[in-house]
Protein chains: 2
Amino acid sequence: MARERSSLTRRSLLGAGAAAGIGTLAVATAGPAAAATRDADVVIIGGGLAGLTAARDLKKAGKNVVVLEARDRVGGRVLNLQVPGGGATEGGGEFIGPTQDRMKALADEVGVATFPTYNTGKNLLRKDGKNTPYATDGLLGAVPPIDVAGLANAAAVQALLNDMAKKVPVGAPWTAEKAKEWDQQTFETWLRHNAVVPSAKFLFDVACASVFSAEPRELSLLFVLFYIAAAGNETNPGTFERLTETANGAQAIRFKGGSQLVPIKLAETLGDSVVLNAPVRRVAKDGAAYTVTADGITVRAGRVIVALAPPLAARIEFDPLLPAGRDQLAQRLPMGSVGKAIAIYDRPFWRDAGLNGQVLSDTGMVRSTFDNSPEDASYGALMGFIEADQMRSLNGASEAEVKAAVLKDYATYFGDKAKTPTAFLLQRWDNERFTRGGPVAYAPPGVLTSYGPELRRPVGGIHWAGTETSTYWYGYMDGAVRSGERVAKEVLAVL
Amino acid sequence: MARERSSLTRRSLLGAGAAAGIGTLAVATAGPAAAATRDADVVIIGGGLAGLTAARDLKKAGKNVVVLEARDRVGGRVLNLQVPGGGATEGGGEFIGPTQDRMKALADEVGVATFPTYNTGKNLLRKDGKNTPYATDGLLGAVPPIDVAGLANAAAVQALLNDMAKKVPVGAPWTAEKAKEWDQQTFETWLRHNAVVPSAKFLFDVACASVFSAEPRELSLLFVLFYIAAAGNETNPGTFERLTETANGAQAIRFKGGSQLVPIKLAETLGDSVVLNAPVRRVAKDGAAYTVTADGITVRAGRVIVALAPPLAARIEFDPLLPAGRDQLAQRLPMGSVGKAIAIYDRPFWRDAGLNGQVLSDTGMVRSTFDNSPEDASYGALMGFIEADQMRSLNGASEAEVKAAVLKDYATYFGDKAKTPTAFLLQRWDNERFTRGGPVAYAPPGVLTSYGPELRRPVGGIHWAGTETSTYWYGYMDGAVRSGERVAKEVLAVL
């Protein structure tokens, strides 16, 4: 029985500067005037896929929920960018693929259709100053035109990673027999001992940046193995190639209208349970209940779900203090460094040259690209990831500087036509107040073995969701949805 | 011209529950009633040694300063605990040693005397279930009774670490010729290749936990080398043994009345420029000035000095946003895990057995101890560090449980008399709201090379202080003082 003491104005779920082409949807927004107060069974902090999914399941079970979202839009790390002239393209999480069943089911449920990522024609390898097109898809599932020794080494390393990952239980990676051994070293240390042919090492370096938006030196080997193990579901164990491939991997499928349509439509079903512009500042327990204070609104509830990336969750004040292990976990899972740059053209001209728009490069600010054109190819869109060391090198750069660097890369890969897009869209997640990096919080060495159990361990009536709490597809939209479903069950079991 | 719009009440600098034996000192405290507003030339966030030293130097130069301290006491990670029956003992930073000139100069200036850490008699090695006393002081500077092969290996590893550290410039470790090589691996990876004799590895493991309150698997090798290089001053390059030794190292000297007397007396000279109970929530720029909002008080100033450990600084809201590099740095420097347990006895009975109270152990919750008795030995005090894996294993433990575990260890080392102290004091830094770990924020692999320059880089009118910004004695009280002196100069150069 949500009781509302001051009126909440209604506004678009899309946010002021966000995607167009989709009607304005009614949800609540915390007003700057008198603070509203609500009572609920469960208050959910964060209106991304995790928080919204949890809200859906709790509402289905008859519970009153309030979702407090800091931004002026829902979706978190899933964001449609408006294409001038019409249409939307993705500035954040974008693709799904085989075994990402929960995100697919959610999209089906809210009525968002999918289509295959454009994958016709040849990939392009840019290496040692040369462009070499090559057939079939993917990064290591296909056969990039490197030396035979490198290919053999890469295949062996991939097989070894997959074998090791099979020994990592996704629900508790820290219990793997060799967990300590694997968590005491960086992925870089391990790669240097195993990816001994330079061209093979290059492939894994690019793959690492693409998957984690972090360099191998930043990641725990155990975390990488867990991430591989998590790239599957209960019946299909995860594999490295499912992370990196297009047609058969995590980049296989896109959403019509842009991926943010899924959280937007989901939020629509929740009505004014979702409150925008409500960054949470404080979670205080008194008696058996919690008072969650956000800008413009205060919610009292018996249970709290925190559906934020761990480093962001640590910026909320908790009273009483979170246990040491939980706080220190949050200090130890930093966000990667990622931006997405999308250049819009009249048409996808690279297709004329038999290219699928997918690049793998050893130089440039953008070293991995996709054809982000809409299904009907009514315009062309080249999407490039700016990741890890490259993203960091642009700290403080203006958008014009980033644009110039990116278009230089696109021209190197696809010719001079790439230099003159009709529009250029840039989404830097490191400059987003309520994300401060992306796509995901990763674990440096020593974190999973010392703090892993804190990831999902409730603290009194406070429960944890978000893709970083997922067993399968940690770091992906599918993991976020899974975490929302899991945490709703967890809360219902005790409510 | 500090202009005060509402009265600030006066209270003890020591805090409600903190040390006694020192008179109540007058400073301001932010009241819970109407918020005060002040104007200042510089507002300093954090009343630890760094912030207070900066305030001293800025005041000397004629500037108006306000120091906003979140706690009800000054000193930050430097804290006197009251000993029942009288006297104080240290719950935080405690010792100084050779080359820690700036902390010594500050103590001299405010009139806090020093005395040598008790170091007469034999150290004790607890290993493989046996206690073995051994002569002279220190950890590796002395000669612990381990096997000859282990000693030879340990000596070689120490020499190698010192040689490598000489190649790390303390002002910019990321510019070392081998910076990338050293930053891509954990200290554990390096130790496994070099400390190949198990007893030598044991010594470095214990030393690592003692120095960093972190395990070798958590630390970047480059960070460890920098820390060694920083254990010196402009004329005496840092060495590993200066970190670990007592008489000739960083544990050589103590302060009469307890180390917190230094910040307390320093704060006294600053009068009501220091405001307690004022946790800062927001730093907002408008025009050329900054508005810093704390609970109970708002300060407007042209310059802001943030003198907090990096992970804590990230929990303040900045408007405009901090640059991506600065925020991501803060996400990547977690606090170690440390507690101090001090058992009080009628007298230091271990001295009768010819022991100096210093233990090195391969088991137990406390694996490194000191004789923390006052100079006149009017009572006995055994101080033990609970560190890293051991501290984490006590996450959620009650104080009674910790006490039982610690006294069991003390009895193992010093006999049954240790089981019945007259008092037991415990300071868990991981459970402190405004520290959340300790003694220092450390760098996992990849952080210094990617983010190091952000440590001290000002952001507009926002400057950074705190021991983690120091070139020499990063992590120590001396580093905090140095950082305060450096940041004051930095601000004065532009004011």
Side-chain angles (χ1 to χ4, degrees), chain A residues 180 183-186 188-190 192 214-220 279 281 311 314-337 339 388-389 391-396 428-433 436-437 441 443-447 449-451 454, chain B residues 180 183-186 188-190 192 214-220 279 281 311 314-337 339 388-389 391-396 428-433 436-437 441 443-447 449-451 454:
Chain A
K180 291 207 162 187
D183 203 31
Q184 56 82 15
Q185 61 188 302
T186 63
E188 175 74 17
T189 290
W190 187 87
R192 287 189 182 196
E215 303 292 340
R217 65 178 178 274
E218 302 180 285
L219 302 165
S220 153
R281 308 299 179 181
R315 296 178 181 190
I316 294 172
E317 187 185 23
F318 289 85
D319 185 16
L321 277 186
L322 291 178
R326 176 69 213 185
D327 193 289
Q328 291 214 330
L329 170 75
Q331 293 178 42
R332 282 161 172 78
L333 291 177
M335 303 298 283
S337 306
D389 281 350
M391 188 75 263
R392 291 186 279 245
S393 74
L394 295 169
N395 185 23
R428 287 189 66 154
W429 290 96
D430 55 352
N431 280 340
E432 281 272 311
R433 181 182 296 277
R436 300 257 59 179
V447 177
T449 44
S450 292
Y451 297 93
E454 310 299 334
Chain B
K180 291 207 163 188
D183 203 31
Q184 56 83 13
Q185 60 188 301
T186 62
E188 175 74 17
T189 290
W190 187 87
R192 288 189 181 197
E215 303 293 339
R217 67 178 177 273
E218 302 180 286
L219 302 165
S220 152
R281 306 300 178 181
R315 297 177 181 191
I316 294 172
E317 188 185 22
F318 289 86
D319 185 15
L321 275 188
L322 290 178
R326 175 71 214 184
D327 193 289
Q328 291 213 330
L329 170 75
Q331 291 178 43
R332 283 163 172 77
L333 291 177
M335 302 300 282
S337 306
D389 281 349
M391 187 76 262
R392 292 186 279 245
S393 74
L394 295 168
N395 187 22
R428 287 190 65 153
W429 289 95
D430 55 353
N431 280 340
E432 280 273 309
R433 182 182 297 278
R436 301 255 63 179
V447 177
T449 44
S450 291
Y451 297 93
E454 310 299 334

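Treat the numbers as computed from the prediction; the structure is a model and nothing was measured. Computed from heavy atoms alone, side chains included, the values below leave out hydrogens, waters and symmetry copies.
- Contacts with chain A were tallied for B:Leu219, B:Leu321, B:Asp389; B:Leu321 has the most, counting heavy-atom pairs under 4.5 Å.
- Of the atoms belonging to B:Ser220, not a single heavy atom falls under 4.5 Å from chain A.
- A donor-acceptor pair is defined here as one N or O able to donate and one able to accept, closer than 3.5 Å; no such pair exists between the side chain of A:Gln331 and the backbone of B:Gly336.
- What you find for A:Glu215 and A:Ala388 is that their closest heavy atoms are OE2-CB, 3.2 Å.
- If you tally non-hydrogen atom pairs under 4.5 Å between each of A:Asp183, A:Leu322, A:Thr449, A:Leu333 and chain B, the highest count goes to A:Leu322.
- With chain A as partner, the option from B:Ala324, B:Gly325, B:Gly446 having the largest number of non-hydrogen pairs under 4.5 angstrom is B:Ala324.
- A:Arg332 places no side-chain N or O within donor-acceptor distance of the main-chain N or O of A:Asp327, the cut-off being under 3.5 Å.
- Your options are B:Pro216, B:Ser393, B:Ala314, B:Gly396, and the one with the most heavy-atom pairs under 4.5 Å with chain A is B:Ala314.
- In terms of heavy-atom pairs under 4.5 Å with chain A, the best-connected choice from B:Arg433, B:Glu188, B:Met391 is B:Arg433.
- Both the backbone and the side chain of B:Asp319 have a heavy atom closer than 4.5 Å to some heavy atom of chain A.
- Judged purely by atom type and a 3.5 angstrom limit, B:Asp430 has no side-chain atom pairing as donor or acceptor with the backbone of B:Arg436.
- Within the 4.5 angstrom heavy-atom criterion, atoms from both the backbone and the side chain of A:Glu218 approach chain B.
- Residue B:Leu394 does not touch chain A at all, counting heavy-atom pairs closer than 4.5 Å.
- Within the 4.5 angstrom heavy-atom criterion, only side-chain atoms of B:Pro311, from C-beta onward, approach chain A.
- Most heavy-atom pairs under 4.5 Å with chain A: of the set B:Arg392, B:Arg326, B:Gln185, this distinction falls to B:Arg392.
- For B:Phe318, the part lying near chain A is the backbone, with the side chain staying farther off; criterion is any non-hydrogen pair under 4.5 Å.
- In this structure, the portion of B:Asn395 lying under 4.5 Å from any heavy atom of chain A is its side chain and not its backbone.
- For B:Pro444, the part sitting under 4.5 Å from any heavy atom of chain A is the side chain, from C-beta outward, and nothing else.
- The candidate with the highest count of non-hydrogen atom pairs below 4.5 Å against chain B, out of A:Glu317, A:Lys180, A:Arg428, is A:Glu317.
- Considering only heavy-atom pairs separated by less than 4.5 Å from chain A, the leading option among B:Pro279, B:Ser337, B:Ala330 is B:Ser337.
- Contact annotation for B:Glu454: only side-chain heavy atoms (C-beta onward) come within less than 4.5 Å of a heavy atom of chain A.
- The distance from the OG1 atom of A:Thr186 to the CZ atom of A:Arg192 is 8.0 Å, given to the nearest 0.5 Å.
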Audit row: B:Ser450, A:Arg217, side chain to side chain donor-acceptor pair (under 3.5 Å) steps and yes/no
CA-CA 11 Å; B:Ser450 291; A:Arg217 65 178 178 274; 3.0 Å; yes

